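Please read all numbers here as calculations on a predicted model, not as lab measurements. Chain letters run A, B, ... following the sequence lines, proteins first and then strands; every chain starts at 1.
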Protein chains: 2
Amino acid sequence: MLYICVTGNVLLIMEEDFLIEMGYPGLTARLKRLSDLFVYQTKEFYKEHNLDIEPNWHMIFLILKKHDQLTVTEISELLHLSHPAIVKLINKMKKKGYIDSVKDKNDYRKYQLTLSKKAKEKLPVLETYWSAGEQALEELLEGNSKLLEQLSIVERNIEDLDFKTRMEQLLNKY
Amino acid sequence: MLYICVTGNVLLIMEEDFLIEMGYPGLTARLKRLSDLFVYQTKEFYKEHNLDIEPNWHMIFLILKKHDQLTVTEISELLHLSHPAIVKLINKMKKKGYIDSVKDKNDYRKYQLTLSKKAKEKLPVLETYWSAGEQALEELLEGNSKLLEQLSIVERNIEDLDFKTRMEQLLNKY
DNA sequence: CATATATATGTAACCAGTTACATATATATG
DNA sequence: CATATATATGTAACTGGTTACATATATATG
């Protein structure tokens, strides 16, 4: 399943990759495949260094470092993820003692979430590992942020008019 | 959670998005979030048009259209996905009658997979829906394939030296 | 002010991938 | 040729998202 690939004046021996060959319709699976790869390898990396955190906790650490105190709903809105996703995440972090949760005095439906003392103390160590991850990613992106920019374009356009509606419109054209 | 965003000479009211704000470390979750969005909306689209197929079957239809006959292992290698992922996918497609599977005459461990008669007959209809999806995606990418190219760069670099190893190397620098 | 509606959180069932392990068959080697 | 090793497929348990539904509290309205 190997093939020769000529890019510029460099000759590469490459693995054949049908998802790439597919073009546009292969995009969805490539996004998932790449995301999974990052998640699994980061998990492994943390494990080998005995950090008892999960890859996606990074975003919660950062968001609560910035905003100090947030509810589940606020986090889910800021991250554009569903609230059950955040509930599960937060429950795991609570169980490990990284999150403090206190009932809101003015609205008894809400719980105000903050980073625990343990979490704040661990931050400096965690940051050295996160920094290695960020640099590794920069290497993979070859030092430019075009991938992030291209993703932003898609995200903005989807916010404007969602994917399904676009498919419906294009289908009805014929 | 809204904010004003000035791009060029256009003023936009945007949802705040912390994953974008995070920069590089937000990438993994954005890839997953976007992939999920495509999958869920495509699923919905198929359902509303009473197509009894799943979004990720598209790649199996195409790969078996091109190669005619493949085994589970060959498919998993061509797609760079694990073989259990393909086993599950193929079992569902078999159950719906889209895949024929015959034991290899020369190697009794293998099953040769092909598109069934039903699958081949349905292809022309499916292609009109896939075409709408492809065009919708082109719209979202604003007609250029930079996102695909940037992904290819990352994929190539990872094949060269994996993400975890890069993190380890960068960590040991300090 | 009683009741309808909206919001915040939580739970259940599902989905598409993963790794680790099991089993059957093929191939290579002492 | 017997046995060790490698390969093809399959299964189990896990992960991190989703939608749909349930419950408690807050807010708005007749």
*Verdict with reasoning, A:T42 to A:H58, per side-chain contact (heavy atoms from CB on, under 4.5 Å)*: CA-CA 11 Å; A:T42 304; A:H58 191 175; over 6 Å; no
*In whole Å, what is the span from the CZ atom of A:R33 to the P atom of C:dT18?*
10 Å
*Can you name the side-chain hydrogen bond (donor to acceptor under 3.5 Å, both in side chains) partners of B:E168, sequence neighbours left out?*
A:H49
_Qualifying residues under side-chain hydrogen bond (donor to acceptor under 3.5 Å, both in side chains), relative to A:D107, sequence neighbours excluded_ = A:R109
*5' priority, DNA chain D, between B:N91 and A:H83 [closest heavy atom]*: B:N91
*First encountered from the 5' end of DNA chain D, between B:T71 and A:L81*: B:T71
Considering only distance and modelled atom types, tabulate donor-acceptor pairs under 3.5 Å from the side chains of residues 22-31 of chain B, sequence neighbours left out.
from, atom 1, to, atom 2, distance (Å)
B:R30, NE, A:E155, OE1, 3.4
B:R30, NE, A:E155, OE2, 2.9
B:R30, NH2, A:L148, O, 3.3
B:R30, NH2, A:S152, OG, 2.9
B:R30, NH2, A:E155, OE1, 2.9

Got a sec? Which of [range] come in under 4.0 Å of DNA chain C, heavy atoms?
range	answer
residues 34-46 of chain A	A:D36, A:Y40
residues 94-104 of chain B	none
residues 49-63 of chain A	none

*Is there a path from B:L113 to B:L123 through hydrophobic residues (I, L, V, M, F, W, Y) whose side chains come within less than 4.5 Å of each other?*
yes
*Is the gap between the ring centers of A:F163 and B:F38 under 6.0 Å?*
yes
*Restricting to pairs with a member in residues 84-103 of chain B, which pass salt bridge (charged side-chain N to carboxylate O under 4.0 Å, His left out), not counting sequence neighbours?*
B:D52-B:K96
*Between A:Y111 and A:K32, who's closer to the 5' end of DNA chain C by nearest nucleotide?*
A:Y111
*Take B:H80 and B:R109, find for each the nucleotide of DNA chain C with the closest heavy atom, and name the residue whose nucleotide sits nearer the 5' end.*
B:H80
*DNA chain D base-pair string [pairs: Watson-Crick or G-U under 3.5 Å; |: paired with another strand]*: ||||||||||||||||||||||||||||||
_Test of understanding: with side chain to side chain contact (heavy atoms under 4.5 Å, CB included), list the residues that count as partners of A:K66, not counting sequence neighbours._
B:E16, B:F18, B:E21
*Residues two or more places apart in sequence or in another chain: which of them pass side chain to side chain contact (heavy atoms under 4.5 Å, CB included) with A:N157?*
A:I153, A:R166, B:L140, B:E142
*Under a 4.5 Å cut-off applied to non-hydrogen side-chain atoms, are B:V39 and A:K32 in contact?*
no
_In the structure I gave you, are the side-chain heavy atoms of B:L89 and B:I75 within less than 4.5 Å of one another anywhere?_
no
*If we ignore angles and hydrogens, is there a donor and acceptor under 3.5 Å between the side chains of A:S131 and A:Q135?*
yes
*asked:* For a quick test of reading the model, state the closest non-hydrogen atom pair linking A:D17 to B:L79 and the distance between them.
replied: OD1-O, 4.5 Å
*asked:* Among residues at least two apart in sequence or on other chains, which ones pass ring pair (Phe, Tyr, Trp, His ring centres under 6.0 Å) with B:F61?
replied: B:Y98, B:W130
_One thing to verify: whether B:D160 and B:R156 come together as a salt bridge, which I'm taking to mean a side-chain N less than 4.0 angstrom from a carboxylate O._
no
*For DNA chain D, which nucleotides open and close the run of contacts to chain A, 5' to 3', at under 4.0 angstrom from a non-hydrogen atom?*
D:dT15 to D:dA26
